[in-house]
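Worksheet: the structure to be examined is printed underneath.
Residue numbers run from 1 in the order of the sequence given.
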Amino acid sequence: MRTGEALPAVGEVLTALATGLWHWSTATGLVTVDAEAARLLGLPAEETVLTEAQTRSRLHPVDWNEITGVVQLAVAEGTLAEVRIRIMDDRGQVVRVVRSRSKPSFDPVKKAYELIGTLQEVTEPRPGTPAGRTAVTGDWRRSREAFLLDAGRALAEARSTEEVLRVAAGLSMPGFSPDGLAVFGVEGDRLTLIGHHGHRPGDEAPFTQMSLQTDYPAAEVARTGRAVYLSSPEQYRSRYPLTWPMAAHFGRRSWAFLPLTVAGRTMGAWMAAFAYPVAFTPDERSVLTTVARMLAQALTRAGAAETQRELTDGLQRSMLPTLGPEIPGMTLAARYIPTGGGLQVGGDWYDMIPLPGGRFALVIGDVQGHDVRAAGLMGQLRIALRAYAAEGHRPDAVLSRASRFFYGLTHTDKADASADPRFATCLYVEVDPVTGVLETARAGHLDPAIRMADGTVMVRATAGGLPLGIDPDSDYPTTRLVLEPGEALMLCTDGLLETGGHDIDTGWRRIRTILEAHEGDLEELADALVQAVHGPSSHHTTGPFADRREDDIAVLLVCRHGEGSGLGAAVPVRPAVRRTMLTVAQAEPERVAEARQQVRELLHDWTCGEQIDSAVLLVSEMLTNVLVHTDTDALLVAEVTGGPGERRMRIEVTDSSDDLPHKRRPGELASSGRGLVLIELLAHDWGVAPRGEGKSIWFELYEPDGSGGDAAGGAAAAWSGA
């Protein structure tokens with residue numbers, strides 16, 4: 001072209017450069033292409049108008065989706081939309097690759113995009129060449145998609161801000177990975193630094209509590225919600241001269257600052273810094289933008305979870321009691337571990353209520369459910385129980401009033417779907433620390449367990465009624481127990497037993513092993529019980545393992561001081577004696593089975609199993625004899641004295657009837673009359689003793705020393721085989 005000649009028309013220039021021109025309006029759904037663009041699309045080389053469906057049929061389906069994402073990104077950032085497109089023939093084969101560059105705009109009224117751009121054929125570089133390593137190929141796209149899936153999964157699983165930052169720092173983006181990260185938040189008019197990676201301690205000082213009006217890329221992004229890409233130090237220095245010195249000493253070559261946006265609100269900014277130059281192509285910007293969106297969502301979730309945990313901890317601290325001042329002669333310990341589900345506040349609770357005359361009440365219970373309503377009901381029920389106890393009512397009256405209160409609390413508003421009827425289990429124990437007498441009333445809760453001075457553990461069967469809130473007129477009979485010096489009482493909710501896939505029986509065996517083997521003080525025992533279920537814990541707090549928990553756990557321990565018990569202060573006491581007492585009423589014949597179980601638990605470490613069978617058989621005979629031949633109740637007292645290998649068990653059944661039993665010789669087919677015959681045959685010693693009112697029958701068995709057989713044990717074996 002000679003000097004002074006007119007410039008050629010735009011169309012001639014594009015044709016000379018083998019570049020096509022196209023126009024696309026999503027409002028009309030039409031794509032207009034010139035002759036060169038039509039040729040590149042595999043159509044006759046003439047200007048034509050295509051529908052979106054006709055255009056889409058000429059492109060690789062993955063690339064069509066790519067165009068949509070790149071256009072949206074370019075509109076959001078106010079940049080050009082650039083993308084590589086694979087052109088397909090009628091047989092679905094790739095015939096060429098073209099590059100599309102366009103300037104998209106968005107009409108908010110029509111909610112439509114309009115694009116004018118160019119198409120130009122490009123040659124795909126060969127694998128292994130420098131261009132091949134940086135080209136946007138199908139393999140790169142697949143790697144990017146796999147990366148985004150992995151990144152999304154990892155960020156979704158992060159449960160705290162610290163974990164989110166750790167995941168973000170470990171992301172390895174396909175083809176380019178930052179070596180420095182920083183996450184900024186917004187508080188009022190200040191830019192705050194939430195966390196960073198790839199920097200030395202102390203490097204963050206200039207960037208903390210920065211004004212949003214500062215000439216700094218992250219501040220601009222937080223103000224405007226638009227990304228900033230800086231491909232070189234020169235670009236950074238020319239655009240942000242005031243804050244360039246703050247970034248210069250880090251030695252980075254490229255920076256991307258992206259908004260962290262959730263629900264249309266910019267909550268901060270994310271900086272990705274690179275030690276090498278990055279061009280920030282549309283594909284690279286697309287990856288960074290997608291990661292920023294996932295990062296913003298993950299930080300929002302983590303922040304909400306941390307706020308919820310703070311609320312939970314505060315709620316727990318406000319609702320759980322302290323055990324109060326020291327009680328002379330007794331030690332108390334308690335633990336509450338919440339569930340990991342939901343708000344981490346459930347319906348389990350415990351309490352210690354001071355009563356007149358130096359007595360106090362221990363309460364433990366479980367409101368149905370693991371939600372905020374369960375926690376609220378638990379708080380109201382706990383206050384009501386304290387009020388009824390402070391009025392001076394006995395344990396049965398306290399639970400009766402509490403049941404009526406709870407029934408009214410959960411059955412009043414039937415129009416409220418959330419106010420579904422609930423119930424609560426509860427165990428109320430009134431303790432006299434001087435005598436060790438325990439007056440218990442139980443509403444559908446687990447029975448208490450007692451650890452004797454020598455480590456023997458027994459579940460104490462207590463009378464009980466329905467859970468609170470089921471029947472407002474329920475009765476709650478009381479049971480009197482005695483806590484001997486050196487013994488410890490354990491109250492717990494079912495979470496302690498059932499966590500870890502156990503049922504009540506297998507869970508109790510697990511906990512019983514801990515109770516029997518422990519030799520530390522009461523606080524150490526409380527920790528050991530919780531750790532046996534799912535790991536370390538602290539007083540009334542959650543732990544890192546809270547998410548694996550299946551149910552709330554409440555444990556309450558009280559020990560009466562005794563010499564050598566290891567659980568309380570030492571005071572002189574008489575030698576330890578294992579003892580259990582149980583009343584079997586005429587109307588409760590099923591308690592004979594409880595008596596047999598208590599005898600087995602009392603003799604859990606007795607060396608001769610045949611003697612245990614003999615004792616259980618004789619107890620059953622003696623109690624049944626009272627129920628069948630008298631109209632009175634029976635009192636069972638069983639105790640073990642002495643050291644291992646030379647112990648003696650004495651079991652006595654007392655009733656208020658004056659009729660003394662007589663030994664008979666029953667016939668072969670007789671259904672009764674064998675009681676005293678069995679006692680004479682199986683016991684080492686026995687007798688019948690009249691009392692002031694009634695009588696008692698007793699027998700004794702002596703533990704063999706292990707050197708040989710035992711006469712009573714052999715007799716028991718002979719009887720069981722007869």
Side-chain angles (χ1 to χ4, degrees), residues 76-77 151-152 154-171 178 180-230 236 239-250 252 255-273 288-315 317-318 343-344 542:
E77 297 181 351
L155 288 170
E157 293 174 354
R159 300 181 181 275
S160 66
T161 300
E162 183 180 355
E163 288 185 26
V164 171
L165 296 175
R166 186 165 57 248
V167 170
L171 295 179
L181 301 174
V183 177
F184 298 90
V186 176
E187 291 183 3
D189 62 348
R190 312 295 293 179
L191 189 72
T192 62
L193 185 63
I194 298 175
H196 62 89
H197 172 74
H199 307 90
R200 295 185 302 271
D203 285 345
E204 71 278 2
F207 303 94
T208 58
Q209 295 299 319
M210 181 184 293
S211 171
L212 284 178
Q213 303 306 317
T214 305
D215 185 34
Y216 180 64
E220 179 180 320
V221 169
R223 286 196 314 268
T224 65
R226 301 175 71 91
V228 171
Y229 297 100
L230 304 170
Y236 196 132
R239 188 167 173 180
Y240 302 97
L242 296 180
T243 55
W244 162 246
M246 298 168 59
H249 75 279
F250 291 107
R252 304 279 163 54
W255 299 260
F257 293 84
L258 296 104
L260 298 175
T261 305
V262 177
R265 182 180 66 87
T266 301
M267 53 174 287
W270 172 47
M271 182 201 74
L288 290 168
T289 301
T290 303
V291 172
R293 290 171 180 167
M294 294 190 296
L295 182 60
Q297 294 171 355
L299 287 170
T300 301
R301 286 193 301 269
E306 289 168 348
T307 300
Q308 190 178 71
R309 283 193 290 270
E310 291 177 4
L311 173 63
T312 299
D313 291 343
L315 183 59
R317 286 191 294 269
S318 67
L343 190 60
Q344 293 188 337
T542 59

- To the nearest 0.5 Å, tell me how far Met271 CE sits from Leu181 CG. 7.0 Å

- Could you give the distance from CZ (Arg223) to OG (Ser211), rounded to the nearest 0.5 Å?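 The distance works out to 8.5 Å.
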
- Message: Check the orientation of Trp244 and Tyr236. Use parallel for under 30°, tilted for 30 to 60°, and perpendicular for over 60°.
- Response: tilted

Tell me whether [X] contacts the main-chain N or O of [Y] through its side chain, where contact means a donor paired with an acceptor under 3.5 Å.
| X | Y | value |
| --- | --- | --- |
| Thr214 | Tyr216 | no |
| Arg252 | Ala247 | no |
| Thr243 | Met246 | no |
| Thr161 | Ala302 | no |

Please find the pair of heavy atoms, one from [X] and one from [Y], that lie closest to each other, and give the distance.
| X | Y | result |
| --- | --- | --- |
| Ala269 | Ala218 | CB-O, 3.9 Å |
| Val262 | Gln297 | CG2-N, 4.0 Å |
| Ala222 | Thr266 | O-CG2, 3.9 Å |
| Leu260 | Ala292 | CD2-O, 3.5 Å |
| Leu288 | Ala256 | CD1-CB, 3.8 Å |
| Val221 | Arg226 | CG2-O, 3.3 Å |

- Message: Which residue is it: Leu295, Ile194, Thr300? I am looking for the one with a side chain to side chain contact (heavy atoms under 4.5 Å, CB included) to Val164.
- Response: Leu295

- Query: Is any side-chain heavy atom of Glu220 less than 4.5 Å from a side-chain heavy atom of Tyr240?
  - Reply: yes

- How about Thr224 and Pro259: do any of their side-chain heavy atoms sit closer than 4.5 Å? no

Review item, side-chain donor-acceptor pairs of residues 183-192, under 3.5 Å, at least two apart:
from, atom 1, to, atom 2, distance (Å)
Arg190, NE, Gln209, O, 3.4
Arg190, NH2, Gln209, O, 2.4
Thr192, OG1, Gly185, O, 3.3

- Please assess Leu230 against Phe257 for the test side chain to side chain contact (heavy atoms under 4.5 Å, CB included), listing each intermediate value before the final yes or no. CA-CA 8 Å; Leu230 304 170; Phe257 293 84; 4.2 Å; yes

